[in-house]
Number of protein chains: 2
Amino acid sequence: MDKKKNTEAEILKAAKKIFIEHGFAGARMQAIADEAKINKAMLHYYYRSKKMLFEKIMEGAVDLMSKQFINALSGTAPVMDKLKILINNYTDTINHNPHIPIFILNEMARNQLYFQTKMQQRLEQNNVFQDFLLQIAEEQEQGILRPIPVPQFVLTVMSLIIFPHIAKPVFLKIFTLEDDIYTQMMEERKEHIYNVLESALRL
Amino acid sequence: MDKKKNTEAEILKAAKKIFIEHGFAGARMQAIADEAKINKAMLHYYYRSKKMLFEKIMEGAVDLMSKQFINALSGTAPVMDKLKILINNYTDTINHNPHIPIFILNEMARNQLYFQTKMQQRLEQNNVFQDFLLQIAEEQEQGILRPIPVPQFVLTVMSLIIFPHIAKPVFLKIFTLEDDIYTQMMEERKEHIYNVLESALRL
DNA sequence: CAAAAGTTTAACCGAATGGTTAATTTTATT
DNA sequence: AATAAAATTAACCATTCGGTTAAACTTTTG
């Protein structure tokens, strides 16, 4: 029982690394087995197929990102306060899991049918996000926030937070920076993003 | 000679579609041949290997994106004017080639060594981008633009323009929109982005 | 402790994949 | 028209890949 849990977890850990690093198509079952230091047959023993193992990993990745939403956007605090928490949560989480955003968005773009339903389920289970959209509209009516279409509002927020991590390889070269300096830049960026949002979205 | 050029171009067209749709690892040479309605051996006859064909496609994609930069950022116009052109150029180009951003950024994240040199070559060949960075610093000193670190400035601009196209599949579901409506949203977004940048970056 | 159940491994399998070859067809040259 | 060169194809090849199997090993159970 002890050994079972151990192997199972070891597989997940290895699969997470390989899938996120290479994507579904680029990942090799043998590479996952090597990474976990076990026999390839174990992968199928515990998770049946590459697809099923992948779905477990993707589910975890989506969960991690969703959590940040729920954590930051729940409650009755003003929109701008929630956004500040969202910026901090996301930046920290992505700094600790730098490849997750491109992983999710890439697989999503290439395999629309599957995730969208999973994602939608998660959103429908929890109405935090829908409530937040309503809250934005309310604060716009109250004259607290500028009357910008809500989808544009959300796109702007998420763009500023997530894109820099996706474009990291490009920017590292363009500005000839080192990896750890970029992470630090992302830390400083928290405040910058908040300032941009405040001047652009607040009235 | 006529037929040769034709086949060669047909292969590129098919390869562009398949590679951009599935990525390098997910693309199949047979799928490219089928798409081009030719024998698979022709792919190797004209482009030797999958890798070499892929590099041709990637080069074209990077070229297309670089062009928009050069086109928008050259000359002596004020930074904000150039940004307006950049927003329009990029939005139009991506609307016509929706999968290119995620394609480039994804392959870049997974295969750092190769592109970064190609990209850097392109940047060093042309000093438009470096000049633009200097221009931002100048206008900041002149009190035209807010004194924001230039890398943050650039990240903010590119985030607002590119990310919404990458996250399109997610947002289509979240806001339950149709494909063409999203394209229209991106059209309207041009102005929104400019407004955000103006209020956030301009003094 | 012995049987049963669960775990792990080595060897194997069929299909798919990138790539090659040799022969055929088409085009260009004289 | 005859010949050389280029383009195209069908068949094939070696390797890789996801997945399976049967046997060995380990742990649990009665």
Side-chain angles (χ1 to χ4, degrees), chain A residues 1-61 103 106-107 110-111 113-115 118, chain B residues 1-61 103 106-107 110-111 113-115 118:
Chain A
M1 195 84 78
D2 188 272
K3 219 170 199 174
K4 178 187 173 180
K5 278 277 164 61
N6 203 31
T7 308
E8 217 173 321
E10 211 61 38
I11 290 175
L12 279 186
K13 194 176 146 194
K16 185 180 170 185
K17 192 192 169 193
I18 299 297
F19 274 131
I20 287 182
E21 209 163 292
H22 298 98
F24 178 80
R28 299 284 161 251
M29 292 297 269
Q30 189 60 60
I32 295 173
D34 292 348
E35 175 74 26
K37 286 167 189 160
I38 47 136
N39 189 287
K40 184 166 63 94
M42 297 305 291
L43 303 179
H44 296 93
Y45 180 75
Y46 284 108
Y47 298 97
R48 283 187 60 98
S49 69
K50 184 184 182 183
K51 200 175 176 183
M52 284 181 174
L53 179 53
F54 175 78
E55 288 178 7
K56 268 274 185 309
I57 301 303
M58 176 57 69
E59 203 179 315
F103 170 71
N106 183 54
E107 298 297 337
R110 304 208 190 293
N111 183 3
L113 355 148
Y114 157 67
F115 300 112
K118 285 240 167 180
Chain B
M1 196 84 78
D2 188 271
K3 219 168 197 174
K4 177 189 172 178
K5 279 275 164 63
N6 203 30
T7 308
E8 218 173 322
E10 211 61 38
I11 291 175
L12 279 185
K13 192 176 146 195
K16 186 180 170 186
K17 192 191 170 193
I18 299 297
F19 274 131
I20 287 181
E21 208 164 291
H22 298 97
F24 177 80
R28 298 286 161 250
M29 293 297 270
Q30 188 60 59
I32 296 173
D34 292 349
E35 175 74 26
K37 285 166 191 161
I38 47 137
N39 188 287
K40 184 165 62 93
M42 298 303 292
L43 303 179
H44 297 94
Y45 181 75
Y46 284 107
Y47 298 97
R48 283 187 60 100
S49 70
K50 183 184 182 184
K51 200 174 176 184
M52 283 180 174
L53 178 54
F54 174 79
E55 288 178 7
K56 270 274 186 306
I57 301 304
M58 176 56 69
E59 203 179 314
F103 170 70
N106 183 52
E107 298 297 338
R110 304 208 190 292
N111 183 2
L113 353 149
Y114 157 68
F115 300 113
K118 285 241 166 179

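Just so we're on the same page: letters track the sequence lines, and every chain starts at 1.
One can place NE2 of H44(B) at 19 Å from P of dC12(D), the figure rounded to the nearest angstrom. What separates CG of N6(A) from C1' of dG6(C) is a distance of 16 Å, to the nearest Å. Rounded to whole Å, the distance from NE2 on H22(A) to P on dC17(D) is 11 Å. Atoms CD1 (I38(B)) and P (dT26(C)) sit 17 Å apart, rounded to a whole Å. Whole-Å rounding puts the R48(A) CZ to dT21(D) P distance at 12 Å. One atom, CD of E10(A), and another, P of dT8(C), lie 11 Å apart when rounded to the nearest Å. The separation between F54(B) atom CZ and dG18(C) atom C1' is 16 Å, rounded to whole Å. Separating the CE atom of M29(A) from the P atom of dG19(D) is a distance of 5 Å, rounded to the nearest angstrom.
Across all strands, A27(B) comes closer than 4.0 Å only to sugar-phosphate atoms, never to a base (heavy-atom distances). Counting any heavy atom pair closer than 4.0 Å across all strands shown, M42(A) reaches a base atom.
For K40(A) and dG18(D), a side-chain-to-base donor-acceptor distance below 3.5 Å is present, hydrogens and geometry of angles not being considered.
Map R28(A) and N39(A) each onto its nearest nucleotide of DNA chain D; the residue landing nearer the 5' end is R28(A).
A distance-only check finds a donor-acceptor pair linking the side chain of Y47(A) to the backbone of E8(A) [under 3.5 Å]. Formation of a donor-acceptor pair under 3.5 Å by the K37(B) side chain with backbone atoms of E10(B) is not found in this model.
A distance of 5.0 Å separates CG of L43(B) from CD1 of I11(B), quoted to the nearest 0.5 Å. The distance from atom CZ of F54(B) to atom CD of E59(B), rounded to the nearest 0.5 Å, is 11.5 Å.
Nearest nucleotide to the Y46(A) side chain, out of dG19(D), dT8(C), dG19(C): dT8(C). Minimum atom distance to the side chain of A41(A) is reached by dA10(C), of the listed dG18(C), dA10(C), dT8(C).
Within 6.0 Å of NZ on K50(A) lie more than 12 heavy atoms contributed by other residues, nucleotides or ligands.
At dT8(D), one or more side-chain N or O atoms of T7(B) fall inside 4.0 Å of OP1 or OP2 (strictly under the cut-off). For dA6(D), neither phosphate oxygen OP1 nor OP2 lies less than 4.0 angstrom from any side-chain nitrogen or oxygen of Y45(B).
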